[in-house]
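In what follows, a single structure is set out as structure tokens and then discussed.
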Amino acid sequence: MKTGLTIAGSDSSGGAGIQADLKTFSALGVYGMSVITAITAQNTVGVQAVEEVSGNMVGQQIDAIFQDIPADAVKIGMVSSANIIQVIADKVKQYNMKHVVLDTVMISKSGCHLLKPEAIEALKKYLIPSAYIVTPNIFEAEVLTEMKIRTIEDMQSAARKIYEMGVPYVVVKGGHLEQQDCVDILYDGSDFRYYSTNRIDTKNTHGTGCTFSAAIASHLALGKSVEDSIDAAKQYITKAIEKSLSLGNGVGPTHHFHEFY
Ligand SMILES: Nc1ncnc2c1ncn2[C@@H]1O[C@H](COP(=O)(O)OP(=O)(O)OP(=O)(O)O)[C@@H](O)[C@H]1O
Ligand SMILES: Cc1ncc(CO)c(N)n1
């Protein structure tokens, strides 16, 4: 069986973070493993508390996995501090990790800082250059590039700037762009590809970014090309949003197992 690793934060409500990633791996037929970087007390309404795991413990979890079960693909999500970022970047190098999909998580939908603002420079300097694909949303792409993004052309300019940080593939996600369709763009240093779907009218989008990046990693682990992995992940997240679950009093989760029940 192909294997996937998520290095991310725990979401107690199960819709985002580690839990979303493991559900996605499982739904797509990949054996899931996890390295927890932080624990959040979180539900569909908001994030109530965050407790970081030490950099040393993050490193030890990665060692335990890679000294025993190599991962065919790795997804990185919430990494709250510069220290944790540095440890992960070193381990990516040490174990020569392949197919590293970095979701540059910064702020939760409810507005909680999951990445300390002072760690953004470390993200740009150490983690983005060690990734294979990065998947910022509009807001994250704005922070990384220090530009405003209002149009598809702006998304393209941002993708170019992020590519220059030293990562071979950049996906800028258009879920938060003020327009009818949800268009994600892929830049590989020379060409752009577009992945577009109708915007689904639902408030239940908790964990869409986590699920999408874990689905890309899953398809890479299964042996698909970057282009096909993003295409398959886009189809998966679109269905998961279409069938999203009205659980809780706030922004409900997507349905990871929509293929099954
Ligand atoms: N309402 C929607 N209908 C259809 N697709 C959507 C919708 N919202 C987001 N998407 C898609 O979901 C994927 C995740 O994008 P999004 O921009 O929501 O990520 P994100 O902001 O990082 O998510 P999160 O808030 O969970 O971190 C993208 O493929 C995006 O186009
Ligand atoms: C732990 C965690 N990671 C990522 C997200 C996505 O914003 C979240 N809400 N919680």
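Remember, it's 1-based here, ligands and their atoms both numbered in the order they're listed. Scope of the values below: all heavy atoms of this structure, side chains included, with no hydrogens, waters or symmetry mates.
- Scanning for salt bridge (charged side-chain N to carboxylate O under 4.0 Å, His left out) contacts around Arg150 gives Glu142, with sequence neighbours left out.
- The side chain of Lys109, and not its backbone, has at least one atom closer than 4.0 Å to an atom of ligand 1 (non-hydrogen atoms only; side chain from C-beta on).
- At a heavy-atom cutoff of 4.0 Å, ligand 1 is contacted by the side chain of Lys234 but not by its backbone.
- The atoms of ligand 1 that sit less than 4.0 Å from any heavy atom of Ile241 are 5 (N), 6 (C), 7 (C), 10 (N), 12 (O).
- The shortest N or O to N or O distance between Gly209 and ligand 1 is below 3.5 Å.
- Under the salt bridge (charged side-chain N to carboxylate O under 4.0 Å, His left out) criterion, Glu121 pairs with Lys124, sequence neighbours left out.
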Ligand 2 N/O to protein N/O, distances under 3.5 Å:
from, atom 1, to, atom 2, distance (Å)
ligand 2, 9 (N), Gln42, OE1, 2.8
ligand 2, 10 (N), Gln42, NE2, 3.2

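- Only the backbone of Asn198 comes within 4.0 Å of ligand 1, judged by heavy-atom distances.
- Within the 4.0 Å heavy-atom criterion, both parts of Thr208, backbone and side chain, lie near ligand 1.
- Residue contacts with ligand 1: Asp184 is placed with a nitrogen or oxygen under 3.5 Å of a nitrogen or oxygen of the ligand (distance criterion only).
- Residues satisfying the ring-ring contact (aromatic ring centres under 6.0 Å, His included) criterion with Tyr126, sequence neighbours excluded, are absent altogether.
- Considering backbone and side-chain N/O of His176, one or more are found under 3.5 Å from N/O of ligand 1.
- Considering backbone and side-chain atoms alike, Lys173 places an N or O below 3.5 Å from some N or O of ligand 1.
- In this structure, Gly207 is part of the shell of residues with a heavy atom less than 4.0 angstrom from ligand 1.
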